[in-house]
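Only this structure's heavy atoms are used, side chains among them; waters, hydrogens and symmetry mates stay out.
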Amino acid sequence: QVQVVESGGGLVQPGGSLRLSCAASGSILSISVMGWYRQAPGKQRELVATSTSGGATNDADSVKSRFTISRDNAKNTVYLQMNSLKPEDTAVYYCNAHASSNDYVLRNYWGQGTQVTVSS
């Protein structure tokens, strides 16, 4: 099994910064894509940013030039640096790992989520 754990959320003022971290652990054979999604109250979960094992990234238009995803393959860890935060960035942020375990089957593994609140 694969476990995914996020950290780094909190309360920040508009214009501020936060850095989220996510580590995958357990019986990991390989991880193809790691990424961040978010879900605001009353809204569907949406993609924020993803990173492949080869380093290719994909960002939502709403966070381009403000958020940066990075990844440490050796540590099975992905980070999300969030700058110039806006109130509309308030949401629960979830980490996802598209990974295979002992049975060689790729599955999506989700963390429990971390709350990010942008408010003055």
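With rounding to the nearest 0.5 Å, the separation of CD in Gln1 from CD1 in Ile28 is 11.0 Å. We find the OG1-CG distance between Thr77 and Asp72 to be 6.0 Å, quoted to the nearest 0.5 Å. How far OG of Ser101 is from CZ of Arg107: 7.5 Å, rounded to the nearest 0.5 Å. Rounded to the nearest 0.5 angstrom, Leu47 CG and Arg45 CZ are separated by 11.5 Å. The distance from the CG atom of Asp89 to the OG1 atom of Thr117 is 11.0 Å, given to the nearest 0.5 Å.
Around atom CD of Gln44, no more than 12 heavy atoms belonging to other residues, nucleotides or ligands sit under 6.0 Å away. No more than 12 heavy-atom neighbours from other residues, nucleotides or ligands sit within 6.0 angstrom of NZ on Lys43.
For the pair Arg38 and Tyr94, the NZ or CZ position fails the cation-pi test of under 6.0 Å to the six-membered ring centre and within 45 degrees of the ring normal.
The minimum heavy-atom distance linking Asp59 with Ala49 is given by the pair OD1-CB, 3.4 Å. Residue Gln115 comes nearest to Val92 through the heavy atom pair OE1-CG2, 3.2 Å, listed as atom of the first residue, atom of the second, then distance. Here the closest heavy-atom approach between residue Ser119 and residue Pro14 is recorded as C-CD, 3.6 Å. Contact record, Ala99 with Ile31: CB-CG1, 3.8 Å, taken as the closest heavy-atom pair. Closest approach of Val116 and Met82 over heavy atoms only: CG2-CE, 3.9 Å. Closest approach of Cys95 to Met34, counting heavy atoms only: SG-CE, 4.4 Å.
Taken together through direct or relayed side-chain contacts under 4.5 Å among Ile, Leu, Val, Met, Phe, Trp and Tyr, Leu80 and Leu85 form part of one hydrophobic cluster. Each of Leu20 and Tyr79 belongs to its own hydrophobic cluster when Ile, Leu, Val, Met, Phe, Trp and Tyr are linked at side-chain heavy-atom distances under 4.5 angstrom. Under the 4.5 Å side-chain heavy-atom criterion for Ile, Leu, Val, Met, Phe, Trp and Tyr, Val118 and Val48 are members of the same hydrophobic cluster. In this structure, Val33 is not a member of the same hydrophobic cluster as Trp36, with clusters built from ILVMFWY side-chain heavy atoms closer than 4.5 Å.
Judged as a ring-ring contact (aromatic ring centres under 6.0 Å, His included), and not counting sequence neighbours, the contacts of Tyr37 are Trp110.
You'll find the side chain of Leu29 stays beyond 4.5 Å of the side chain of Asn102, heavy atoms only.
Side chain of Ser51 to backbone of Gly55: no donor-acceptor contact under 3.5 angstrom is found. A donor-acceptor distance shorter than 3.5 angstrom exists from the side chain of Arg66 to the backbone of Ser84, with no hydrogens or angles considered. Between the Thr114 side chain and the Gly9 main chain, a donor and an acceptor come within less than 3.5 Å of each other. Checked by atom type and distance alone, the side chain of Glu6 pairs as donor or acceptor with a backbone atom of Gly113 at under 3.5 Å.
Annotation: side chain to side chain donor-acceptor pair (under 3.5 Å) contacts involving residues 10-35, sequence neighbours excluded, comprise Ser17-Asn83, Ser30-Ser100.
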